[in-house]
Amino acid sequence: MRRLSLWESIAGAYASEILLALCRSPLARELLAPCTADWLARRHRLNPQGLAQLLDYLVRSTDLLVKKGGRYQLQATPALLATISFQLEKFRGAYGPAVMACMDSLRDERLARGRVDRAALASAFAAVANSVNQEALQAIDAARVECLLDLGCGAASLLRELALREDRFTGIGIDASAHMCRVARKLLREAGIEKRIAIVHGDAPAALSRIGMRKRERVEALYGASFLNEFFARGESGAIRALQRLRRLFPGRRAWFVDYYGGRSSPVNMLQDVAQVVSGQGVPPKTRAAWSRIYRAAGCSVVSLRDYRSGPTEWFLHQVTLGE
């Protein structure tokens with residue numbers, strides 16, 4: 001990623017604030033079609049001169065907005081706008097407060113976690129609620145899993161997709177965010193599958209002990225996207241302990257983990273590293289060898305380690321077996 005000058009850094013901060021405000025309002029969707037600042041201002045009772053200034057600023061400082069013949073238009077489709085909203089809500093809306101309080105966050109790990117805006121994080125994932133990791137979906141589908149435990153389920157998009165594909169499928173989703181759990185339950189009700197998917201609010205793996213033994217015994221496999229990266233505040237030991245606890249609760253089960261490599265130069269990976277630090281989660285390892293060492297130290301058997309790149313993001317899908 002190109003290093004920014006002082007003025008570019010400040011300009012980027014301003015641009016992200018304006019873009020987030022647009023995405024949280026009806027203006028962003030209206031800007032998918034060409035429109036004038038005067039028209040937008042009349043519709044939303046805004047200062048037309050001020051709005052034009054802000055939109056001109058985005059035209060000059062980003063590649064997301066263009067201006068032709070006095071009309072402004074976002075360079076996005078509805079699907080791309082959902083992705084843009086997700087990234088802004090996640091990195092600015094949810095983790096922004098922790099970044100602004102980064103010195104305090106570095107003093108107290110517990111305080112750092114409290115700085116994350118969980119409502120904004122839930123809104124971020126709600127914006128891409130129908131987006132499913134296709135590689136993970138294909139792997140779990142091919143394994144014919146009929147009962148899956150999703151660790152950090154978010155909006156439960158994977159569980160919903162699996163349940164809609166197969167009438168016999170059941171699942172359990174667990175998430176530390178009450179806001180996220182509400183979003184997941186709402187979407188499950190709308191899909192008519194809420195009786196087959198249970199959503200549990202709490203921190204995994206600690207909260208898993210609240211799930212009854214009979215329900216745990218029915219779980220055939222586990223899945224965790226952006227789950228293991230939460231346990232690196234004090235090095236690798238936290239992730240190893242989390243895996244060991246999962247192994248005790250679900251011995252012999254298959255598990256798939258989707259996550260990202262820390263310490264890499266990809267722009268999105270670098271942003272995620274900062275988010276991890278200021279939220280007290282710590283930065284995960286940067287190599288497959290390091291991740292493999294963690295799995296083995298926790299008593300897990302590595303089945304496959306696959307790396308992927310989606311645009312500027314480097315991520316992986318690891319399959320392991322939780323030891324007996």
Side-chain angles (χ1 to χ4, degrees), residues 23-24 79 82-83 85-91 93-95 113 116-141 145-212 215-216 218-230 242 246 249-250 253 255-259 275 279 281 315 317:
C23 287
R24 285 178 170 177
T83 300
S85 298
F86 167 74
Q87 300 293 4
L88 285 165
E89 283 287 3
K90 177 183 176 182
F91 286 115
Y95 290 108
R113 290 180 179 272
V116 178
D117 187 332
R118 299 292 172 184
L121 198 58
S123 295
F125 282 92
V128 290
N130 294 320
S131 177
V132 177
N133 186 298
Q134 292 300 310
E135 284 74 15
L137 176 64
Q138 291 170 14
I140 297 168
D141 208 24
V145 175
E146 293 189 2
C147 185
L148 181 74
L149 171 62
D150 190 341
L151 305 161
C153 65
S157 55
L158 179 70
L159 292 172
R160 279 188 293 120
E161 180 64 26
L162 289 166
L164 290 171
R165 284 173 174 234
E166 174 54 61
D167 291 341
R168 292 179 298 176
F169 179 85
T170 62
I172 302 171
I174 185 166
D175 203 280
S177 168
H179 299 283
M180 203 74 80
C181 289
R182 284 194 288 271
V183 170
R185 292 186 185 113
K186 176 178 179 292
L187 293 172
L188 291 170
R189 285 194 303 272
E190 291 174 354
I193 52 175
E194 71 276 14
K195 292 182 179 179
R196 289 194 282 137
I197 308 294
I199 301 297
V200 178
H201 173 224
D203 285 306
L208 292 175
S209 58
R210 300 206 306 266
I211 300 173
K215 285 186 176 181
R216 291 208 305 269
R218 288 201 294 268
V219 170
E220 297 177 5
L222 291 77
Y223 172 74
S226 299
F227 169 69
L228 287 178
N229 66 22
E230 298 179 13
L246 293 176
L249 290 169
F250 303 97
R253 307 307 206 282
W256 289 268
F257 295 107
V258 170
D259 227 307
S279 60
Q281 299 176 84
W315 59 280
L317 172 62

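Atom CG in Asp203 sits 11.5 Å away from atom CG in Leu151 (nearest 0.5 Å). One finds the CG atom of Asp150 at 7.5 Å from the OG atom of Ser157 (value rounded to the nearest 0.5 Å). The distance from the SG atom of Cys147 to the CD1 atom of Ile172 is 5.5 Å, given to the nearest 0.5 Å. The CH2 atom of Trp256 sits 10.0 Å away from atom CG of Leu158, with the distance rounded to the nearest 0.5 Å.
Here the side chains of Asp259 and Trp315 are not in contact, with every heavy-atom distance at 4.5 Å or above. Contact check for Arg218 versus Thr170: no side-chain heavy atoms found under the 4.5 Å cut-off. Between Phe227 and Leu222, the closest side-chain pair of non-hydrogen atoms is not below 4.5 Å. Using a 4.5 Å heavy-atom threshold, the side chains of Leu249 and Val219 count as separate. Asn229 places a side-chain heavy atom less than 4.5 Å from the side chain of Gln281. Between Glu220 and Glu146 the shortest side-chain heavy-atom distance falls below 4.5 Å.
The stretch residues 173-183 participates, sequence neighbours left out, in these side chain to side chain donor-acceptor pair (under 3.5 Å) pairs: His179-Arg182.
Here the shortest heavy-atom pairing between Arg196 and Asp167 reads NH1-O, 3.1 Å. The heavy-atom pair separating Glu89 from Ala120 by the smallest distance is OE1-CB, 3.6 Å. Listed here is the closest heavy atom pair of Met180 and Leu121: CE-O, 3.6 Å.
Side-chain N or O atoms of Gln87 include none that pairs as donor or acceptor with a backbone N or O of Ser85 at under 3.5 Å. At least one donor-acceptor pair closer than 3.5 Å links the side chain of Arg216 to the backbone N or O of Ile211. Using modelled atom types, one side-chain atom of His201 and one backbone atom of Ala176 make a donor-acceptor pair closer than 3.5 Å.
Residues passing the side chain to side chain donor-acceptor pair (under 3.5 Å) test with Gln138, sequence neighbours excluded: none.
Below 30°, between 30° and 60°, or above 60°: for Phe86 and Phe125 the angle between ring planes is above 60°, a perpendicular geometry.
Among Leu159, Val258, Leu137, Leu149, the one residue that satisfies the side-chain contact (heavy atoms from CB on, under 4.5 Å) test with Tyr223 is Val258.
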